Structures are given as C-alpha cells and as structure tokens.
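Written out below as structure tokens is the structure these notes cover.
Only a predicted model underlies this, so the values are computations on that prediction, with no experimental measurement involved. Residue numbering restarts at 1 for every chain, and letters A, B, ... go by the order of the sequence lines.
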Amino acid sequence: MENLSATLRHCHTSFSLRKPNRRYLINPLKYNHSSTCFSLDIKHALSSESIPTSVSLALSSSSSELYPLTELKNCDDLASVKAVHARVMKMFDRFDLESLISRYLEFGELGYACAIFFMGFPRNQVSWMGFLEEVESFGLERHRVLEEFVQLQSKGVNFDEVVLAMVLRICSVLMNELLGFTIHGGLIKRGAVRSDTRVVSALMGFYGRCVSSDIANKVFDEMPERDDLAWNEIMMVNLRSGEWEKAVELFREMQFCAAKVYDRTMVKLLQVCSSKGRLEEGRQIHGYVLRLGFEANVSVCNSLIVMYSRNGEVESSRKVFDSMKDRDLSSWNSIISSYTALGYVDDAMALLEEMERCGFKPDIVTWNSLLSGQGLYRSAIAILKRMQVSGLKPNSTSITSLLQAVAEPGLLSLGKAIHGYVIRNQLCYDVYVETTLIDMYVKTGCLPYAKLFFDTMDEKKNVVAWNSLISGLSYAGLVQDAEGLMSKMEKEGGIKPDAVTWNSLVYGYASCGKTEKALDVIEKMKRNKVEPNVVSWTAILSGCSKNGNFRNALKVFINMQEEGVFPNSATVSTLLKVLGCLSLLHSGKEVHCFCLKNNLISDAYVATALVDMYTRSGDLRSASVLFWGIENKPLASWNCMIMGHAMFGQGQEGIAVFNKMLEAGVEPDAITFTSVLSLCKNSGLVREGWEYFDLMRSRYGVTPSIEHCSCMVDMLGRSGYLDEAWDFIQTMPMKPDATIWGAFLSSCKIHRDVELAEVAWKRLQVMEPHNSANYMMMISLYSSLNRWEDVEHIRDSMRSQRVRVQDLWSWIQIDQRVHVFYAEGEAHPDEGEIYFELYRLVSEMKRSGYVPDTSCIHQNESEAEKEKLLLGHTEKLAMTYGLIRKKGSDPIRVVKNTSICSDCHTVAKYITVLRNREIVLQEGSRIHRFRDGQCSCNDSW
DNA sequence: ATAGGGTTAG
C-alpha cells in the first residue's frame, strides 16, 4: 500500500490557477499516454462536434444566468464540464479558461487542458507553473511549451526560478542546448544559481544529459550549500551517464553528510547494477537498503528483486520477495520474471497460483513475463489458455515472446503453429510481430517462408525486417544474396544500411573464409559514416573461428586493437575459443588476466570459454581450479569439464564431476552425454558406457544423436567388442554416416580384423572417397599384416582418386614463438642440434630397456631403415627441442595435428624418467600427460 | 517489445 501511495504522489501533481492554495489531484489511470490520442483530443476539444448531442440539448435548457466560473465549480462529471466548455468557447474570459483547464485536469483530461492552454490567452506565472508540472509528468507537448516560453521571454516577461527550473528540465529532455545555456546565462546575471537549489538541480540535470556529467559535477562542486535534492540530482546525473565510480563516491559522501537518499535514487542505483552485471555492488546497496530503512519501500524492494534476477541470483530475488511485508503487482511480476528468465517455468507457475490466492489479479505484464524466457515453449500453450480464461487476450508483446521462444532450429512446426494461431484469432499483427515472425522463420532455418512473409509486408518493411532476412542469408552462407538484398533495401526501400546490416555481412564473409572481403565491408562502413563497433570485429573473429581459420582470427584481433576497439566479453569468449583450438596456453593465460582485470570473469560465457581453453591447451589442473571456483556453474562449463577429463582419459574423475553435477541439480543435456560417453570411450569403461546410454534416454529424455552413437561404436570397437559394435550399427535409430563407419574401421584396424574392416572400407569409399584418414587406416592394417600388395593397391587408388595425404606436423611454443615441425617440407633450422640430442636420448633409453616399436611404419623397408624413419616423427623432434630450449620445470607441451604412434608414446614415458620432466602431448581431441614414466591415459587410447 | 557478435559436441 505504501508503494501505491508513493506512486500516486509521484504521478499526481498539483495544478493551481487562480487560487494557489487549491489543489487538484489528477487520476493518471484515466489518462491515455499515447500521443496520437492527445492530438485527437485537441481536435475534438476545439470542434463543437465533439460535444455529445445530449449535452448540447442539456446546454440549451441550462440556466444561462450562471457565470461559467460558478457553473464549472458545480460540475460533477466530465460531461457537464464539456457542456460548460461549449459555452465558454464563446465568452473567452481568461479566468474562465484557467478554471476550465483546472477542471479538465481534475478529470484526467490532459489533452483538453493542453488544447485550451495553447489557445493563446494571456497567462501568468501561476498558470505556467501548474501547466509545466503537468507537461513534465506526462511528457507531452514539450516543444510547444518551449516555443511559448521563448516568445514570452522575448516580449520581456520575467519568469521566476521555479518556472525556469522546469523549462530547464524540458530542455534536457529535448536536448535543446541553446535554450539551456541561455537560461543558465540569465540565472548567473540574476545570481539565482547561488540561491535556489531547485534551479541548480535542474541545471545539473540539463548539463548531465545534454553536455557532460563533468560540467554537472562542476556546478555541484561550486554549490555553497547542498540540500537533499541537489545530492540526489547529482547522483542521478552520474548514474545516467555511466559514471559509476563517481556515483559510488557521492553515495558515500551522502552517508557522511547525512543527506537523505531518495527512493528513486536507490531504484536507479539498483537498475544500473541490474543492467551492468554489478552483483557485488548490488549486494552492498542491499545492505544500505536495510540500513537506511528502505526495506519497507516496495519500489526499492522490487528493484532489488530485478537486480538479483538479472545477475542470475534467483534465490536472493526470492529472499527479498519473501521478506517484503507489502507487495504490489509489480513485485509479483518481477519475481515471476526472475524465474522465467532462467527457465524455471514450474516455480513461476507456482507463484502465479500464490499471487491469485493473495488476491492479486495477473495483468498482461504477468502473463507476458510467464511467456518470456528460456525453454518456455513446452509450457506456452497451457499459459496461453489460462491467460485467455482470465479474460486477457495475448497482445503483441506476448506473441513476440512466443515467437522468440521457438526461434531455434528444430522448432519450426511450433513456430508455424503460433503463426496460425495469430491468424485464426485475428490477434495483433503489428510491425513487431511481423519482424519477429520473419526472424523466427530465419532462425528455424526456413528461409523460403521468411522471404514469402517478408514480401507480403509491402511498404511497411522497416530496417529491422530487412536486417533479419539479410542476417539469415549471411548465416546460411549465402552472403552474396545478402549483399544483393542490401542493395535492394537501399534502392527499393530507400533505407540506408545500419551497423546491424553491415555486421551481418561481415560475419557472412568471415564465416565462409573470405576474411579480406569482411575487412572490406568494415572499410565500406567507415566510408558510409557507420562506425564499425566491437560487434563488427567480434563478428569477423567469430566467423574466422567458425571457419577453422584460427590464425586469421588472431590477426583480426590484433587489427581490432590497433583500431582502438576495446574487447568485451563476447570478443573474449571467441578469442579464448581460438586460443584453445591452437593450444596457445600462454596467450590464453594473458587473456585470463585481462578478464580478471576487466571484470569479465563473472560472465558465464567467458568463464566457460576459459575452462575450455585450459582443457584444450592441456592444462587440466588450471581448468579444474577455475571451474570449481565458478559460483553458478553454467551447464556448458560442466560439459567442458567432463570433456576435459575425457580428453585426458580420466574416466573416474570425469564420472565424479558428472555425479557432482547431478547433485547440484543441474539437468544434463545432449552435449553432457556426448562428453560422458567420450569419457567411457576414452577410458575403456564399456559397462558404464552402456548404463549412461540407457540412462540418457530413460531418465533424461535425451534422444541419441549420431554423435552419441559414434561414441558407442568407438567405445565397443576399441575395447575389442567388434561384433557388438557391428550389431549396434545395425540397430541404431539412424542411418550410419561416415563418422560411424570411420570409428568402426579404426577399431577393426586396432584389432586387425580384415574381414569387417573391408566391409566398412567399402561403405567409406562411397561416402567420403576423399578422406585420406580412411586410406591411411587401410594401409596401416594391411602393412601390420605384411600384406604389401594390398598396401600398394590402396596407395594406387589414392593416386587415382587424387586424394591428398594429410600434412603431418607438431609444434611447440618456446617463449613467444611457435616452432612447427613438418613431416615433409622445410626442416627446422636447428634440426642438427635436435637430432644430436635425440640420438643421445635413444641410446640412453636403450640402456634402460627401450625397444623401438616400428609397427607404425608402413613402408616395406629393413628394420634399421624403419627405426630411422621412426626417429623423424615430428612429435619426437618437438619434444626434444623442448628439452633443449625450455629451461625450468614447466611441463613440455607439444601439439600434434594427427594421432600419435605408440612408439612416441613410449619414448615420452622414458623421457619423463631420464630427464625428470613432465610432458603434455596433445593429439587432436586427446591429450596425454606423462609423468614419472606413466601416462594419464593408462596406455589405453 | 522486433534485427548484428559469445562457451560446450568426432
């Protein structure tokens, strides 16, 4: 209740005319804020047709000897006031008109009141003041007020400080710098700046909005005495212009001077914390809320709910909500949207029941809160039904939310259903709904429908509609078409491309490998006076990354910094992915520092990307420490951590993480199970693999995908259950693709089952005749059985199919340089030195019992020759170079682009003992950590 | 309230 009266106090303003002590209250609920209504009102007010017939009849019979003034006073309803109005139109007495304005305001008819005010009758200070307050609270007709003001001022009319203060507030809303400066000048002449704090506060507000917060702060500093209004004003100025540090400093000073903080200042403080992810500061302000006695203030508490919810802290939101003695409708709406925003639809529905029990009737905002948020499409229909039962029709916002919820691949049928529903029920079909419909069709991958619907929009197409389609084309790799559509937008629609248009194109080009073209677009933007922003640069970065063009991505990042664009959390997440894919641990750590310094670490994407970067770069320890330190671990971060253990073949550790995840109440998704099954596959946990595969379907409702099946085939096959793997392929729910047969062939190679291998090989020759890996597996299989004729046969077919053998390389980072060792091509400049050390190592190893394993050499050569070839393996060269050049005790980290052979695996183990050095060896998606003669994978890979 | 950039998957 207290909040309700506070709201009323805020909205109701007094309007005093002839008798300054007489105050009227206006009911804001009666007044329609829409500006179209307002102009209609003016027209109606000025035309006699607007007066209802019954009133006109009443008018003729009403006693004409009454003065309008007395008559107006006696009016009990709006119709009677209008009747008097019709008469007053002919009489034109200033006092009558002012009284009429006053009565109209009393009935909430601001439109009529404005219409009369601007009729141009002579006005005094008092009428201006009352009127200005109205204008300020309803935000209407500001331009006309300023025009009037300037005119009257030029005629020599003097206004007092209160009017000036209000005119200044209008100047700041309309960004009318010139008038603001003029008023300030006049004030200085009159010495008013020193006297009236209402004017000075308005002046600070004006400078804060129109010029800069610096000047506002200067005006504040020069005030000889500051009252609560001035303190709160300068706080608002700094909060609005994003000067957070300054605002915090002022807030502390306010406590020190015992200045009273207004509730709207508290609300603004909390709003900034909501939108800028300032959870820590938000918590501290919560402390002040309690200390300053705002815990009974409903608006402040509502802002606290929103602040916690935007920062992902639903539980704290709930605590605030539960602690409130009084609640209003927006308290309920805020807590409901806290739950829906994070996808807790069930809790939100429970709250809906509770609010109804407490006697609150859900309004359209309540229903729309329920309809927005993640993963709501499962419950949307039920919510819609209840909404309609309660007598409310979905509005454009409701439909927009619904469409956004289903705008993902695979939900096209739901999207179409909503479209049909809108048409059948003749629901609002405004420009928001239309553009969201296009976007829904784009995001569900249904470009033809998007195009069809777009074409029906005719002249109503706005830049958002065009951009939706342009981005759809760019995303689908049809960047030329996107560019074509852009020119069409310019020519036919007469609409200039904006940053969004360009950024879509930038992504489009970068993601199909045309980095140069993407950079050209950025240059073109500059020429067209659209400043490329951080999104543009992140778009190229991400495009390059999607395309696997990691080196280019890094170049782009450097380029971006040279352009003076500062990276944000999206940039950093993408960059970390790139660094992880290149295993650039050292640079990754630098980015980690950058995140700490710039407060990006609290971002869920960034935190997850960091965990991923550390695991991919082979530093599982750092990944683990970081991961367990994340306060609210996002699902993706659990998935990364499990995958990390999978990469290292640490089955039990990974399963432990998975169990912790379940304990934490996090629902595993399809990706979680891909990670868990990889875990079982890489660690030979066949029994567990089967269990999880069943659990996934029965308990968590995750439909097995081709990735899951591929893991199963790989797991079974590698562990020697070739028949089971074969049966699995025959009975799996989808058609086996090349990855399935590839995994199967790989297993057949390991277990030397030629018969089954040849079956898989036949299919693969059809499915992916140009994948050299398959040929290599066959060569390896035949050579391990000394079937050299078959080896030659495979090599022949490679030549005839023009299959290129994949380049083999390993690399190691030493200081800031990356040293790459290629199997063929240019030798490393220090090769002599490396071989010298390698030979020395091998002879030491042989004394300790090392026997070279030449099974991976597929050339029909002598044993001595094979041994020589074995020594040339790129990972051996890189490891040895690390031993020579990397001093200290940090592990030697080597990355190889293809799988390592068992001999290199053995050699690495020997090195850890002989040189007392840890080695981390990465091969594609698997990582080996060697220590004290052992490997983390327990030799099962 | 509608459009552009972000983490996880062989």
Side-chain angles (χ1 to χ4, degrees), chain A residues 365 368 371-372 395-401 403-404 407 428 430-440 442-443 462-472 474-475 497-508 510-511 532-543 545-546 567-578 580 600 603-613 615-616 634-644 646 669-678 681-682 705-711 713-714 737-740 742-743 746 773 924-926:
Chain A
V365 179
N368 286 345
L371 287 174
S372 65
N395 65 7
S396 146
T397 313
S398 331
I399 303 299
T400 307
S401 297
L403 288 172
Q404 277 177 314
C428 184
D430 69 2
V431 70
Y432 283 94
V433 171
E434 289 179 322
T435 42
T436 314
L437 259 173
I438 294 175
D439 199 52
M440 180 275 292
V442 163
K443 295 215 170 104
N462 60 10
V463 70
V464 180
W466 286 96
N467 281 348
S468 286
L469 206 54
I470 290 172
S471 98
S474 293
Y475 246 85
D498 64 3
V500 179
T501 324
W502 296 107
N503 289 343
S504 299
L505 288 181
V506 165
Y507 180 84
S511 63
N533 53 21
V534 65
V535 180
S536 324
W537 288 100
T538 310
I540 311 196
L541 200 62
S542 147
S545 155
K546 286 261 150 54
N568 64 13
S569 54
T571 324
V572 162
S573 317
T574 319
L575 180 64
L576 281 168
K577 185 196 160 68
V578 171
L600 299 176
D603 186 287
Y605 284 99
V606 172
T608 307
L610 274 168
V611 172
D612 184 55
M613 181 279 292
T615 57
R616 278 177 199 271
L635 172 60
S637 72
W638 288 99
N639 293 349
C640 282
M641 202 59 231
I642 297 171
M643 198 60 214
D669 68 352
I671 300 175
T672 316
F673 282 102
T674 314
S675 305
V676 170
L677 294 177
S678 304
K681 171 193 86 180
N682 289 351
S705 67
I706 197 94
E707 279 91 2
H708 297 125
C709 292
S710 160
C711 275
V713 171
D714 209 340
D737 67 357
T739 61
I740 298 279
S746 158
S925 60
R926 292 219 50 180

Check your understanding: For A:Ser396, which contact category applies under a 4.0 Å heavy-atom criterion: base, sugar-phosphate, or nothing?
Key -> base
Practice item. Taking side chain to side chain donor-acceptor pair (under 3.5 Å) as the test, write out the residues that go with A:Thr608, two or more places apart. Key: none
Check your understanding: Reckon A:Gln404 touches a base, only the sugar-phosphate, or nothing at all at heavy-atom distances under 4.0 Å?
Key -> sugar-phosphate
Exercise for review: Counting heavy atoms from C-beta on, name the nucleotide in B:dT8, B:dA3, B:dG6 closest to the side chain of A:Asp439.
Suggested key: B:dA3
Exercise for review: Scan A:Ala607 against the nucleic acid and name what it touches under 4.0 Å (heavy atoms): base, sugar-phosphate only, or nothing.
Suggested key: nothing
Check your understanding: What is the distance, rounded to the nearest whole Å, between atom CE of A:Met613 and atom P of B:dT8?
Key -> 13 Å
Exercise for review: Would you mind classifying the nucleic acid contact of A:Thr397 as base, sugar-phosphate or nothing, using non-hydrogen atoms under 4.0 angstrom?
Suggested key: base
Exercise for review: Check every strand shown and say whether A:Ser542 touches a base, only sugar-phosphate, or nothing at a heavy-atom separation below 4.0 Å.
Suggested key: sugar-phosphate
Practice item. Look at all strands and tell whether A:Thr674 reaches a base, only sugar-phosphate, or nothing, counting heavy atoms closer than 4.0 Å. Key: sugar-phosphate
**Study point:** A:Ile642 CD1 to B:dG10 P, straight-line distance once rounded to whole Å
**Key:** 12 Å
Review point. Pairs counted as Watson-Crick or G-U wobble with both distances under 3.5 Å: what dot-bracket string results for DNA chain B, using | for bases tied to another strand?
Key: ..........
Point to revise | A:Ile540 CD1 - B:dG6 C1' separation (whole Å) | key: 16 Å
Review point. Between atom CD1 in A:Ile470 and atom P in B:dG5, what is the gap in whole Å?
Key: 13 Å
Review point. What does A:Val534 touch in the nucleic acid at a heavy-atom separation under 4.0 angstrom: a base, only the sugar-phosphate, or nothing?
Key: base
Review point. A:Asp669 near the nucleic acid: base, sugar-phosphate alone, or nothing, with a heavy-atom cut-off under 4.0 Å?
Key: nothing
Exercise for review: Return the value, rounded to whole Å, for the distance between atom CE of A:Met641 and atom P of B:dT8.
Suggested key: 15 Å
Review point. Base, sugar-phosphate alone, or nothing: which one does A:Ser637 contact when heavy atoms must sit under 4.0 Å apart?
Key: nothing
Exercise for review: Have a look at A:Asp603 and say if it touches a base, only the backbone sugar-phosphate, or nothing, with a 4.0 Å heavy-atom cut-off.
Suggested key: base
Exercise for review: Rounded to the nearest angstrom, tell me the gap between atom NE2 in A:His708 and atom C1' in B:dA9.
Suggested key: 8 Å
Check your understanding: Which part of the nucleic acid does A:Val611 contact within heavy-atom distance under 4.0 Å: base, sugar-phosphate only, or nothing?
Key -> nothing
Exercise for review: Name the nucleic acid region contacted by A:Asp430, choosing base, sugar-phosphate or nothing; use a 4.0 angstrom heavy-atom cut-off, strictly under.
Suggested key: base
Point to revise | Between P of B:dA1 and CG of A:Leu403, the distance in whole Å | key: 16 Å
